[in-house]
Amino acid sequence: MELGLVGLGKMGGNMRERIRRAGHTVIGYDRNADVADVHSLEELVGKLKGPRVVWVMVPAGDATQSTIDALGELLSPGDVVVDGGNSRWTDDEKHAEELKAKGIGFVDCGVSGGVWGLENGYALMYGGDADDVAKVQPVFDALKPEGDFGSVHAGKVGAGHFAKMVHNGIEYAMMQAYAEGWELLEKVDSVTDVREVFRSWQEGTVIRSWLLDLAVNALDDDEHLEGLRGYAADSGEGRWTVEAAIDNAVPLPAITASLFARFASRQDDSPQMKMIAALRNQFGGHAVESNKK
């Protein structure tokens, strides 16, 4: 099938390549002309045959809103817009209504996989009407990991981004647990090789995971994480998860505490946040701050 892809950054560029490897045609647009296939949204839409599918992979908020507004003026009834960024699920409902008034479908898709997605595939959580999802399904199949799992039609519009938000909230708590354990091991005199303790957990233990593997990678690069400042940003989805928990009276003590720990990292050079920063860099290519002067 043909796909228009708007946004060719760290995620979008690799997604374009993976979809092409599956035999589909991808026409990509980005403000960076060096990576773009076309020079404008108008040109992108003009090169696609109807019914068109255009996937938006730009930062949440104003950038997504302006892109969807522009596509709403360019696309035709029967076309579909997919928002694959990290938009808040409440924005999805608004976008779907705006596009529906013009006969254009809308699907929201939470995408997980970071810088590893090109080779490993992307976990996909999408929401929308079944007919709209069906028009995008070949692309979902191309992006997902090999095997039976890794892709789900989570429900109606907004369900995909809500599911991805909860996924990221769980991710916060898991990273915080590894970071706290690492700091405690580093603190005591009796444990003399913390990195190898972490490595030993990779096989046969109940806490083994891909995040643990990435923690070992980070420790192999810098055994005591001395080159990192103990600072970790929050993407916003952790906050949204906690806000949704409050709205629905669902207790989330671990996820909430992990969010607050991120805030604490902005006050001091937190050892735990060195590990959080290292993990975020390992799986997502997120920027880290150097401790070197």
* Side chain proximity check, Glu93 to Phe106, heavy atoms < 4.5 angstrom -> no
* **Gap separating the CG atom of Leu124 from the NZ atom of Lys144, nearest 0.5 angstrom** => 8.5 Å
* Structure fact -> Here the salt bridge (charged side-chain N to carboxylate O under 4.0 Å, His left out) pairs for residues 127-137, sequence neighbours left out, are none
* Heavy atoms from other residues, nucleotides or ligands near NZ of Lys10 exceed 12 (cutoff 6.0 Å) -> yes
* Using side chain to side chain contact (heavy atoms under 4.5 Å, CB included) as the criterion, point out the one residue from Val54, Val133, Val136, Leu99 that pairs with Val80. => Val136
* Asked: Any donor-acceptor pair under 3.5 Å linking the side chain of Asp79 with the backbone of Ser76?
  -> yes
* Asked: With a 4.5 Å heavy-atom cut-off, do Val58 and Val6 have their side chains touching?
  -> yes
* To do: Check whether any side-chain heavy atom of Arg88 sits under 4.5 Å from a side-chain heavy atom of His161, and report yes or no.
  => no
* Within-4.5 Å side-chain heavy-atom neighbours: Glu289 and Leu228 -> no
* To do: Could you name each residue pair satisfying ring pair (Phe, Tyr, Trp, His ring centres under 6.0 Å) that touches residues 61-81, not counting sequence neighbours?
  => none
* Asked: So, is the end of the Arg18 side chain (NZ or CZ) under 6.0 Å from the ring centre of Tyr122 and within 45° of the ring's axis?
  -> no
* To do: List for me each residue that meets side chain to side chain contact (heavy atoms under 4.5 Å, CB included) alongside Ala123, sequence neighbours excluded, and say none if there are none.
  => Ser112
* Structure fact -> d(Leu212 CG, Ser200 OG) to nearest 0.5 Å is 8.5 Å
* To do: Could you tell me which residues satisfy salt bridge (charged side-chain N to carboxylate O under 4.0 Å, His left out) with Glu43, sequence neighbours excluded, listed by chain and number?
  => none
* Asked: Counting only N and O atoms by type, is there a donor-acceptor contact under 3.5 Å from the side chain of Asp83 to the main-chain atoms of Gly85?
  -> yes
* Asked: Counting only heavy atoms not in Asp62, do more than 12 fall under 6.0 Å of its CG?
  -> no
* Working to the nearest 0.5 Å, report the span between CE of Met1 and CD1 of Ile19. => 8.5 Å
* Structure fact -> Output for pair (Asp34 CG, Asn32 CG), nearest 0.5 Å, gives 4.5 Å
* To do: Could you check whether the rings of His286 and Phe283 sit parallel, tilted or perpendicular, using 30° and 60° as the cut-offs?
  => perpendicular
* Asked: What pairs meet the ring pair (Phe, Tyr, Trp, His ring centres under 6.0 Å) rule with one or both residues in residues 25-53, with sequence neighbours excluded?
  -> none
* **Salt bridge Glu243-Arg239, side-chain N to carboxylate O under 4.0 Å** => no
* **Atom CZ of Arg31: over 12 foreign heavy atoms under 6.0 Å** => no
* Asked: Taking the side chain as C-beta and beyond, is there a heavy-atom pair between Met11 and Met57 under 4.5 Å?
  -> yes
* Structure fact -> Glu42 meets the salt bridge (charged side-chain N to carboxylate O under 4.0 Å, His left out) criterion, sequence neighbours left out, with none
* **Non-neighbouring partners of Trp89 that pass ring pair (Phe, Tyr, Trp, His ring centres under 6.0 Å), sequence neighbours left out** => Phe162
* Carefully, step by step, assess Lys187 and Glu183 under the rule salt bridge (charged side-chain N to carboxylate O under 4.0 Å, His left out). => CA-CA 6 Å; Lys187 191 74 172 180; Glu183 182 181 3; over 6 Å; no
* To do: Could you list all the salt bridge (charged side-chain N to carboxylate O under 4.0 Å, His left out) pairs where at least one residue sits in residues 196-218, not counting sequence neighbours?
  => Glu196-Arg199, Arg199-Asp220
* **Pairs satisfying salt bridge (charged side-chain N to carboxylate O under 4.0 Å, His left out), at least one member in residues 101-124, at least two apart** => Arg21-Glu119, Glu73-Lys102
* Asked: Can you name the residues that form a side chain to side chain donor-acceptor pair (under 3.5 Å) with Glu171, not counting sequence neighbours?
  -> none
Exercise answer: donor-acceptor pairs, residues 148-156 side-chain atoms, under 3.5 Å, sequence neighbours excluded:
from: Ser151; atom 1: OG; to: Tyr126; atom 2: OH; distance (Å): 3.0
from: His153; atom 1: NE2; to: Gly128; atom 2: O; distance (Å): 2.8
from: His153; atom 1: NE2; to: Gly155; atom 2: O; distance (Å): 3.1

* To do: Kindly determine whether Trp182 and Val197 satisfy side chain to side chain contact (heavy atoms under 4.5 Å, CB included), including the steps that lead there.
  => CA-CA 9 Å; Trp182 173 77; Val197 170; over 6 Å; no
* Do any N or O atoms from the side chain of Arg52 and from the backbone of Val45 form a donor-acceptor pair under 3.5 angstrom? -> yes
* Asked: Going by atom types only, do Ser87 and Asp91 share a side-chain donor-acceptor pair under 3.5 Å?
  -> no
* To do: Identify, with sequence neighbours excluded, every residue that meets side chain to side chain donor-acceptor pair (under 3.5 Å) alongside Ser209.
  => Tyr178
* Do Lys274 and Glu186 sit within salt-bridge range, that is, some charged N less than 4.0 Å from a carboxylate O? -> no
* Asked: Side chains of Gln65 and His95: is there a donor and an acceptor less than 3.5 Å apart?
  -> yes
